[in-house]
Amino acid sequence: IRDIYANTYFSNTISLKRYQNGSGKRHGIIGGTEGFHPYGIHTFESLFGVSGSEQPCLNNEDAYQRMLAKVKEWLPASGEKGIHVSQNDNQNYCRCDKCQADIDYYGSPAGSVIKLLNRIDEDLKSRGYEDVQLVTFAYQYTFPCPKNITCNDDIAIELCMSNVCCNHAYTDPSCETNSAAMRELTEWSKICDEFYIWDYAINFAYMLSPWPNFDTILSNTATLAEIGAVGIISQANYQGNNNSAEFEALRCYLIAKCLE
């Protein structure tokens, strides 16, 4: 997967020239796409029926059965073989006694999410659903890699690089932030067979402000490929009609060339 989420790259003409293949914009034009409609990403809200400002209890059996029914309902009607089962975009994860026990055992809230996806995978296979890829985020509170668990073969992790320093290479030993992030990525690569990267290429607090990653785009892309990432999504300026984010066109062009 090679995809840049930016206004200019929603154009089929530009995207084709730069070999981008994200399903949201160019599905079926270039091979290697993946699609997760109708639920998209951050799907706990839709699958579990909770508010987008909350997270579900992953040990609630009734909630699990409702979620599994939605997954099964969608898969036969879709042309896709993958679905995102991912946390909502907040950090209000459940801390009930059962969930806290999972967190303590796995050493990270991500352990509960992997346990959930492994169960979904096994339940789908037992009902005749084969080769369905389940994708989930390692994002914010789930970025730390869990222990005492591994991902089933059909589970893919999308590692979100929201807690890195864009001013330094990921391999720069002088940057403690990136060194810590690389340790987590390395551990994730040991417990899952397939993982993607969700990277960021803009300052969301103020989109016109500098995002000093020009010196690290190439080296960081190479590093992610070396540790086994099978795809990279780079989220840039796609919100609203503002195409004037700091060196937006140049940055996206360089990212696209690195992804080729």
Side-chain angles (χ1 to χ4, degrees), residues 1 3 22-24 33-96 98-99 102-103 106 108-146 149-160 162 188 191-198 229-231 233 235:
I1 303 300
D3 201 8
S23 64
T33 61
E34 59 177 343
F36 302 105
H37 298 290
Y39 298 118
I41 59 174
H42 298 305
T43 55
F44 279 2
E45 178 178 7
S46 298
L47 292 174
F48 282 95
V50 299
S51 166
S53 62
E54 302 173 329
Q55 305 289 353
C57 173
L58 300 185
N59 282 289
N60 184 313
E61 184 62 24
D62 289 340
Y64 174 80
Q65 293 300 330
R66 290 195 301 271
M67 178 276 304
L68 184 63
K70 284 192 175 184
V71 171
K72 292 190 296 180
E73 177 184 308
W74 176 68
L75 284 172
S78 76
E80 311 293 352
K81 296 292 284 186
I83 185 169
H84 236 288
V85 182
S86 294
Q87 68 207 64
N88 293 329
D89 199 357
N90 66 75
Q91 303 201 53
N92 300 320
Y93 57 91
C94 183
R95 295 173 175 83
C96 72
K98 289 183 178 179
C99 287
D102 280 346
I103 294 169
Y106 296 118
S108 167
S112 299
V113 178
I114 301 307
K115 184 177 76 169
L116 170 74
L117 266 72
N118 283 348
R119 182 182 178 187
I120 297 170
D121 177 56
E122 291 158 7
D123 281 346
L124 289 176
K125 284 184 169 63
S126 71
R127 290 164 171 80
Y129 295 89
E130 297 293 336
D131 301 321
V132 174
Q133 186 179 62
L134 301 172
V135 184
T136 195
F137 282 134
Y139 174 54
Q140 296 182 343
Y141 68 88
T142 58
F143 189 78
C145 184
I149 194 169
T150 58
C151 299
N152 289 1
D153 290 344
D154 289 325
I155 308 301
I157 305 299
E158 197 149 27
L159 292 146
C160 301
S162 60
W188 275 109
I191 71 165
C192 64
D193 291 335
E194 187 169 309
F195 67 92
Y196 303 89
I197 299 294
W198 190 294
V230 296
I233 296 172
Q235 183 176 344

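Interatomic distance, Asp131 CG to Leu124 CG, rounded to the nearest 0.5 Å: 11.5 Å. If you take CG on Asp3 and OH on Tyr196, they are separated by 12.0 Å, rounding to the nearest 0.5 Å. To the nearest 0.5 Å, atom SG of residue Cys96 and atom CG of residue Leu58 are 9.0 Å apart. Between the CD1 atom of Ile191 and the OG1 atom of Thr150 there is a distance of 7.0 Å, given to the nearest 0.5 Å.
Met67 places a side-chain heavy atom less than 4.5 Å from the side chain of Ile120. Contact annotation: the side chain of Phe48 never approaches that of Lys70 to less than 4.5 Å [non-hydrogen atoms, C-beta and beyond]. Within the 4.5 Å cutoff, the side chain of Leu116 has heavy atoms near those of the Phe44 side chain. Side-chain atoms of Thr43 and Ile83, non-hydrogen and from C-beta on, never get closer than 4.5 Å to each other. At least one side-chain heavy atom of Gln140 sits less than 4.5 Å from a side-chain heavy atom of Asp89. Looking at heavy atoms from C-beta onward, Asn59 lies in side-chain contact with Lys115 at the 4.5 angstrom threshold. Inter-residue side-chain proximity for Val50 and Gln55 is flagged as unmet; no heavy-atom pair is nearer than 4.5 Å. Side chains of Asp123 and Val71 form no contact here, defined as non-hydrogen atoms less than 4.5 Å apart.
The two residues Pro146 and Ile114 make their nearest non-hydrogen contact at CG-CG1, 4.4 Å. Taking each heavy atom of Pro144 and Ser108 in turn, the nearest pair found is O-OG, 2.7 Å. Heavy-atom minimum distance, Phe137 versus Ser86: N-OG, 3.2 Å. Heavy atoms only, all atoms of each residue included: Ser53 and Asn90 are closest at C-ND2, 3.1 Å. In terms of heavy atoms, Tyr129 sits closest to Val132 at CB-CG2, 4.2 Å. Of all heavy-atom pairs spanning Cys94 and Cys99, the tightest one is O-CB, 3.5 Å.
You'll find the ring centres of Phe195 and Trp188 outside the 6.0 Å limit.
With hydrogens and angles disregarded, no donor-acceptor distance shorter than 3.5 Å links the side chain of Asn88 to the backbone of Pro56. A donor-acceptor pair is defined here as one N or O able to donate and one able to accept, closer than 3.5 Å; no such pair exists between the side chain of Asn152 and the backbone of Leu117.
In terms of the ring-ring contact (aromatic ring centres under 6.0 Å, His included) criterion, residue partners of Tyr93 (sequence neighbours excluded) are, by chain and number, Tyr141. Lys125 meets the salt bridge (Lys or Arg N to Asp or Glu O under 4.0 Å) test with Asp121, Asp154; sequence neighbours excluded.
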field: Worked check of salt bridge (charged side-chain N to carboxylate O under 4.0 Å, His left out) between Glu61 and Lys98
entry: CA-CA 12 Å; Glu61 184 62 24; Lys98 289 183 178 179; over 6 Å; no

- request: Show your working on side-chain contact (heavy atoms from CB on, under 4.5 Å) between Phe143 and Cys160 and close with a plain yes or no.
  value: CA-CA 7 Å; Phe143 189 78; Cys160 301; 5.6 Å; no

message: Walk me through whether Thr136 and Ile157 qualify under side-chain contact (heavy atoms from CB on, under 4.5 Å).
response: CA-CA 5 Å; Thr136 195; Ile157 305 299; 3.7 Å; yes

